[in-house]
Amino acid sequence: MGNAPAQKREFVVKSRLLEPDDVRRALVRISHEIVERNKGTDDLVIVGIRTRGAPLADRIAASIADFEGADVPSGALDVTLYRDDVALRGPRNLEATTVPADLDGRNVVLVDDVLYTGRTIRAAFDAVLDLGRPRAIRLAVLVDRGHRELPIRADHVGKNLPTAASEIVKVHLQEIDGEDAVLIGEYRP
Amino acid sequence: MMKHLLSMDQLSSADIVTILDTAESLRSVTDRPIKKLPTLRGRTVCNLFYEASTRTRISFELAAKRLSADVINFSADSKSSVAKGESFKDTAWTLEAMGVDAIIVRHGSSGAPHQLSQWVKASVLNAGDGQHEHPTQALLDLYSMREHFKDLEGLKVAIVGDVLHSRVARSNVKGLVTMGADVILIGPPTLIPPQAATWGARIGYDLDEVLEEIDVCYLLRVQKERQSEQLFPSLREYAALWGLDSRRLARMKPEVLVMHPGPMNRGVEIGADVSESPRSIILDQVANGLAVRMSLLYLMLGGRSEDGEVFE
């Protein structure tokens with residue numbers, strides 16, 4: 001506290017990989033896949049990983065409600081306190097975890113924007129298991145950019161994106177950034 | 001985030017908001033079946049208490065355990081080496097040698113935590129030092145007020161009783177003034193220190209005069225052990241003039257909050273029926289203390305980086 005704020009590095013966009021319509025189509029397809037895989041909507045809970053997984057989870061739940069006519073609960077999970085890099089990166093601001101009802105015996109679909117090293121998902125497993133004992137946990141991501149450091153894979157993927165480790169993949173969402181897009185670029189100091 | 005928490009002077013209003021917001025996120029952990037987070041695994045926290053304490057020590061111990069830190073409790077009593085004459089400094093170095101990451105210290109001497117922070121590499125959290133400060137109490141009080149009044153700015157808070165000897169009063173005045181609250185100190189003239197005029201709070205001596213205007217009535221413990229100093233005539237007279245009984249409570253705003261840092265002297269500074277009335281949030285204060293202390297431990301011990309910036 002009382003320190004100067006960390007210098008903001010500039011993000012330089014190299015290309016736009018998904019436009020708003022692409023994001024919408026990918027989410028609708030993922031929603032259909034989730035219901036198909038679950039053989040209906042019974043016991044389904046959609047849980048978004050904060051920050052950008054949360055609005056994605058709400059959109060998927062709304063989309064399922066749209067074509068199945070069934071109400072699927074959705075929620076948000078802050079995994080900060082479960083991360084393995086807390087000690088390395090220092091504390092970050094926390095947001096509320098709002099997971100609907102009881103997770104015991106439910107089929108939990110975790111939703112995140114980008115799947116990269118897999119460490120966030122590992123933290124999310126621990127966070128979910130502290131809240132209850134789901135029958136199954138599945139994973140849906142808008143973008144899978146590779147470079148896994150843990151044996152984790154997604155069940156539902158919006159777009160597979162081969163990237164270099166030096167590149168940065170950013171997902172923009174209407175609810176947070178004012179537009180839907182997937183961008184690739186890099187930080188300039 | 002700062003390395004040590006010694007005084008409310010260290011905290012800006014933005015810092016206080018960060019601490020309270022983080023506490024709010026952590027509060028929900030208390031309602032879960034598994035009330036534990038892995039965040040501070042492998043860290044060691046020592047409670048170093050040279051003075052009696054129930055809630056502060058237990059609250060810090062539980063907060064550290066909820067975050068998976070290991071906790072050592074040290075009380076300077078007949079069972080420790082303090083009884084053999086070990087000095088404060090040697091005790092500090094002993095703890096340092098054992099590799100603790102944080103020391104939570106309560107001491108009868110003002111400034112002891114500051115002194116300790118010069119000796120050790122661990123983070124030092126002041127859990128009450130002499131008549132100086134008790135910053136975590138002030139933070140949990142601010143949290144409790146904010147639960148009921150969204151904005152602390154302009155809130156009218158009366159702090160009633162033995163301001164002279166109270167570290168709780170000093171820390172609360174600093175925190176409340178930083179947050180823009182309007183603080184009135186009330187008590188027997190012998191128990192209001194002359195320098196209080198420089199704290200940014202108003203001073204009054206008559207509780208009845210302010211009853212109708214205040215949003216929060218914060219009662220300080222009458223330190224009965226000080227009655228021999230003849231600072232007020234008798235406990236009965238104190239209760240009659242500055243005690244909050246149900247008749248006074250009835251004259252206050254319907255949404256007023258009654259607060260007390262504990263332990264209470266029922267029938268002296270607070271009527272038994274008032275302490276159990278719906279306006280009293282004394283037990284909420286205790287529950288909130290846990291969340292606020294978890295927040296501080298997370299923010300202060302969560303990172304290794306020296307520049308210690310709180311991320312986005």
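Chain letters run A, B, ... following the sequence lines, proteins first and then strands; every chain starts at 1. From a predicted model like this one, the values you see are computed outputs, not experimental measurements. Atoms considered below: every heavy atom in the structure, side chains included; atoms not considered: hydrogens, waters and symmetry mates.
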Is the number of heavy atoms from other residues, nucleotides or ligands within 6.0 Å of NE2 (B/H114) greater than 12? no

Given a strict heavy-atom distance threshold of 4.5 Å, which part of B/S28 is in contact with chain A: side chain, backbone, both, or neither? neither

Please classify the contact between B/K35 and chain A as side chain, backbone, both or neither, with a heavy-atom cut-off of under 4.5 Å. neither

Can you tell if the side chain of A/N93 reaches within under 4.5 Å of the side chain of B/T18, non-hydrogen atoms only? yes

A/P91 and B/Y298 have their tightest heavy-atom pair at CA-OH, 3.5 Å

One should read off an interatomic distance between B/L299 CG and A/L94 CG, to the nearest 0.5 angstrom, of 7.5 Å

Please classify the contact between A/T97 and chain B as side chain, backbone, both or neither, with a heavy-atom cut-off of under 4.5 Å. neither

Counting only heavy atoms not in B/D151, do more than 12 fall under 6.0 Å of its CG? yes

Closest heavy-atom contact between B/T39 and A/L81? OG1-O, 2.7 Å

In this structure, are over 12 heavy atoms from other groups packed under 6.0 Å from B/R41 atom CZ? no

For A/E36, does the CD atom have more than 12 heavy-atom neighbours from other residues, nucleotides or ligands under 6.0 Å away? no

Considering all heavy atoms, the nearest B/I34-A/L129 contact: CD1-O, 4.0 Å

Between B/R32 and A/D130, does the salt bridge (charged side-chain N to carboxylate O under 4.0 Å, His left out) criterion hold? Intermediate values first, please. CA-CA 8 Å; B/R32 310 187 332 192; A/D130 273 1; 3.8 Å; yes

